[in-house]
Amino acid sequence: RQASDIALFFGVPAVLAAVSVIFHSNLKADVVNGILTAASIFVGLLLSLLMLVLSFAQRKQEEVPSSARRDLLKEVHANISFSVLVSLAIVVIALLALAFLKAFENEGQTRSTPPVFTFLLVYLGTNFVLTILMVLKRMHNLMVVELDSSRPCSSRTERTPYSLTR
């Protein structure tokens, strides 16, 4: 399973980025500007989500199996932190790509990003989307555990966060 996760989260983005470079699908300035805006917004949203996870971690609930809950909180925290780093990398690369494009725009040329910027933005963007989907899945599992733990013990089903990943 770990090899398939590595292939999904790092191999698939690399293949998509390579295909975009091979077929000369370079990005124009307005596309890079949109990517920059979206990544900047996601940094703020993900930092807020980290605070939500911290508030879950600080809650003391004896009814919840502590090791399963703790493991799920650690995984969610790691995924969100990685998403923040990827989003910050996208912001930096998009800023560099825009600076490059603006430098040539001053000379009267309309250009698209060079292959290295295209590769990096497509790779990181694809990785980011896949990681956000994993964060969404794990946040759903965490919410189920939290809501399930708030019910009285007699009405609670026997589930762990890992049984929800089927």
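Residues take their numbers from the sequence shown, with the count starting at 1.
Cluster membership check: Phe117 does not share its hydrophobic cluster with Val19, using side-chain heavy-atom separations under 4.5 Å among Ile, Leu, Val, Met, Phe, Trp and Tyr. Residues Val53 and Met143 share a hydrophobic cluster, clusters being chains of Ile/Leu/Val/Met/Phe/Trp/Tyr side chains in contact below 4.5 Å. By the criterion of side-chain heavy atoms lying less than 4.5 angstrom apart, applied directly or through intervening Ile, Leu, Val, Met, Phe, Trp or Tyr residues, Leu121 is not grouped with Val15; the two fall into different hydrophobic clusters. A continuous path of ILVMFWY side-chain contacts below 4.5 Å connects Val135 to Val12, so both sit in one hydrophobic cluster. Hydrophobic cluster membership is shared by Ile6 and Met134, with clusters built from Ile, Leu, Val, Met, Phe, Trp and Tyr side chains linked at under 4.5 angstrom.
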May I have the step-by-step check of side-chain contact (heavy atoms from CB on, under 4.5 Å) for Leu49 and Leu45, ending in yes or no?
CA-CA 6 Å; Leu49 191 56; Leu45 292 174; over 6 Å; no
If you apply the rule side-chain contact (heavy atoms from CB on, under 4.5 Å), what do you find for Val76 with Asn141, and how did you get there?
CA-CA 10 Å; Val76 168; Asn141 291 347; over 6 Å; no
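The main-chain N or O of Leu27 is found under 3.5 Å from a side-chain atom of Thr113 such that the two form a donor-acceptor pair. Remark: the backbone N or O of Val21 is not paired with any side-chain donor or acceptor of Ser25 at under 3.5 angstrom.
Residue Tyr123 holds its OH atom at 13.0 Å from OG of Ser20, rounded to the nearest 0.5 Å. Atom CG of Leu101 is separated from atom CG of Asp30 by 10.0 Å, given to the nearest 0.5 angstrom. Note: Lys137 NZ to Ile132 CD1 = 14.5 Å, rounded to the nearest 0.5 Å.
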What donor-acceptor contacts under 3.5 angstrom involve side-chain atoms of residues 80-99, with partners at least two apart or in another chain?
residue: Ser81; atom: OG; partner: His77; partner atom: O; Å: 2.9
residue: Ser83; atom: OG; partner: Asn79; partner atom: O; Å: 3.0
residue: Ser87; atom: OG; partner: Ala39; partner atom: O; Å: 2.8

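Taking Phe42 as the reference, Phe128 meet the ring-ring contact (aromatic ring centres under 6.0 Å, His included) condition, with sequence neighbours excluded.
Donor-acceptor pairing under 3.5 Å is recorded for the side chains of Asn26 and Thr118.
Nearest heavy-atom pair across Arg111 and Lys28 is O-CD, 4.2 Å.
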